[in-house]
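Below you'll find the structure, written out as structure tokens, and then a few comments.
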There are 2 protein chains.
Amino acid sequence: MEGRIDRIKKQLHGASYKLTPQREATVRVLLENEEDHLSAEDVYLLVKNKAPDIGLATVYRTLELLTELKVVDKINFGDGVSRYDLRQEGAAHFHHHLVCIECGAVDEIQEDLLEDVENVVEKRWKFQIKDHRLTFHGICWRCHGKHDENESSD
Amino acid sequence: MEGRIDRIKKQLHGASYKLTPQREATVRVLLENEEDHLSAEDVYLLVKNKAPDIGLATVYRTLELLTELKVVDKINFGDGVSRYDLRQEGAAHFHHHLVCIECGAVDEIQEDLLEDVENVVEKRWKFQIKDHRLTFHGICWRCHGKHDENESSD
DNA sequence: TAGTAGATTATAATCATTATCATATCAAAA
DNA sequence: TTTTGATATGATAATGATTATAATCTACTA
Ligand SMILES: [Zn+2]
Ligand SMILES: [Zn+2]
Ligand SMILES: [Zn+2]
Ligand SMILES: [Zn+2]
């Protein structure tokens, strides 16, 4: 974790920004909740535990800054809020998501899976891909299980 | 066009809704601007030409209704507004998008391309896919051309 | 120490979307 | 034809997320 923060610090310095205490607190919250998909408000509430005096605007600014540096990705699942997702270190592309329409769970797919598709798109549409967003909507294994409970099988 | 409206009318009736004049005007605007990705406000302004007395709330309500019936898909490209995109008749899945980070153009990919990926996801993550959202961010052929204007070739 | 640039805070402003409620439409019942 | 009930609409208010503003604070440096 400390190593990860150090590297983010270096990234900030590389773009001539500083890792202020507020920014560090925000980054720590993101690292400690890597599995989740937090909204700015969520982050704000969690950061308040570490830095009670932080303002909401600072959280927004920090998240924007981290997005610019590609430390996090901003994503929108269709409820009215933006969510912020730590990008895996060294990952060229943003990971994919599985959103369950029954229970609302959001699972992640870290594998790329899109290499072939992207080759086709780059060639056929002459589009130079820099990043992508891929989200599947459907029924997760947990909810699927529930339905099958009293069906024997096929 | 009339045939398309008739079929949407039938879909509405099937769900026991009516095709009111306001709804018809809204659908016509969507059909006439099929290429575009209009926000609710955009649709409102265009519909006003046909039905000057229509209220913004009605447009929002109609778009919500059409989304529910899967006549349109609601999508968000990261600017603060939702956009509404007519689904091709008979298409099982939403189409894909190419968003140019230079000029802002949004192009469409009607081909599915994801069949293989979806098979993998369904099996490996035991996730029953109902729909998807796939957007590529990058540089479109138009902007790419601009850069190459004074570079000979490779 | 004073000056300066950047960062932060509290708060106001903005903007998209949703909720409210009185009115309108329309078809079926009386 | 009038009444009634269900649904739809329009004007407007309310909400909620995000951004802008202005005053204050915090390193650094001359
Ligand atoms: Zn689920
Ligand atoms: Zn994620
Ligand atoms: Zn372009
Ligand atoms: Zn589209």
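Residue numbers begin at 1 in each chain, while the letters A, B, ... track the order of the sequences. Just so we're clear, the structure is a prediction, and the values are computed from it rather than from any experiment.
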Item to complete: Tell me whether A:Ile54 is reachable from A:Ile5 by hopping between hydrophobic residues (I, L, V, M, F, W, Y) whose side-chain heavy atoms are closer than 4.5 Å.
Response: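 Yes; tracing contacts between hydrophobic side chains, which count when under 4.5 Å, links both residues.
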
Worksheet item: Any idea which of D:dA17, D:dG10, C:dT17 is nearest the B:Ala40 side chain?
Response: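 Per side-chain heavy atoms of B:Ala40, the pick is C:dT17.
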
Practice prompt. On DNA chain C, check which nucleotide each of B:Ala57 and A:Val59 is closest to and give me the residue with the more 5' one.
Written response: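 That would be A:Val59.
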
Worksheet item: Given that A:Ser16 and A:Tyr44 both sit by DNA chain C, which one's nearest nucleotide is further toward the 5' end?
Response: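 Going by which nucleotide is closer to the 5' end, it is A:Ser16.
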
Item to complete: Begin from the C-alpha positions of B:Phe77 and B:His37 and carry the test ring pair (Phe, Tyr, Trp, His ring centres under 6.0 Å) through to its verdict.
Response: CA-CA 10 Å; B:Phe77 290 124; B:His37 295 88; 5.8 Å; yes

Item to complete: Assign B:Arg61 to base, sugar-phosphate, or nothing according to its heavy-atom contacts below 4.0 angstrom with the strands shown.
Response: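 B:Arg61: base contact, heavy atoms under 4.0 Å.
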
Worksheet item: Which part of the nucleic acid, if any, lies within reach of A:Ser82 when heavy atoms closer than 4.0 Å are counted: base, sugar-phosphate only, or nothing?
Response: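 Sugar-phosphate: the residue A:Ser82, judged by heavy atoms under 4.0 Å, touches backbone atoms but no base.
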
Worksheet item: Under 3.5 Å, is there a donor-acceptor pair linking the side chains of A:Glu24 and A:Gln22?
Response: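 A:Glu24 vs A:Gln22: no donor-acceptor pair found between side chains.
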
Worksheet item: Would A:His95 and A:Asp85 count as having a side-chain donor-acceptor pair, cut-off 3.5 Å?
Response: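 A pair is found: one side chain offers a donor N or O, the other an acceptor, under 3.5 Å apart.
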
Rounded to the nearest Å, what distance is computed from the [atom1] atom of residue [X] to the [atom2] atom of nucleotide [N]?
X	N	atom1	atom2	value
B:Ile54	D:dA11	CD1	P	10 Å
A:Tyr17	C:dA7	OH	C1'	12 Å
A:Asp79	C:dT17	CG	C1'	13 Å
A:Asp42	D:dG16	CG	C1'	14 Å
B:Arg23	C:dT25	CZ	P	15 Å
B:Lys18	D:dT7	NZ	P	9 Å
B:Leu56	D:dA8	CG	P	18 Å
B:Leu19	D:dA8	CG	C1'	13 Å

For [X] and [N], is the shortest distance between a side-chain N/O and OP1 or OP2 below 4.0 Å?
X	N	result
B:Gln22	D:dG10	yes
A:Thr20	C:dT8	yes
B:Tyr60	C:dT18	no

Discussion item. Between B:Asp131 and B:Arg87, does any NZ, NE, NH1 or NH2 come within less than 4.0 Å of an OD or OE carboxylate oxygen?
Written reply: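 Salt bridge present between B:Arg87 and B:Asp131.
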
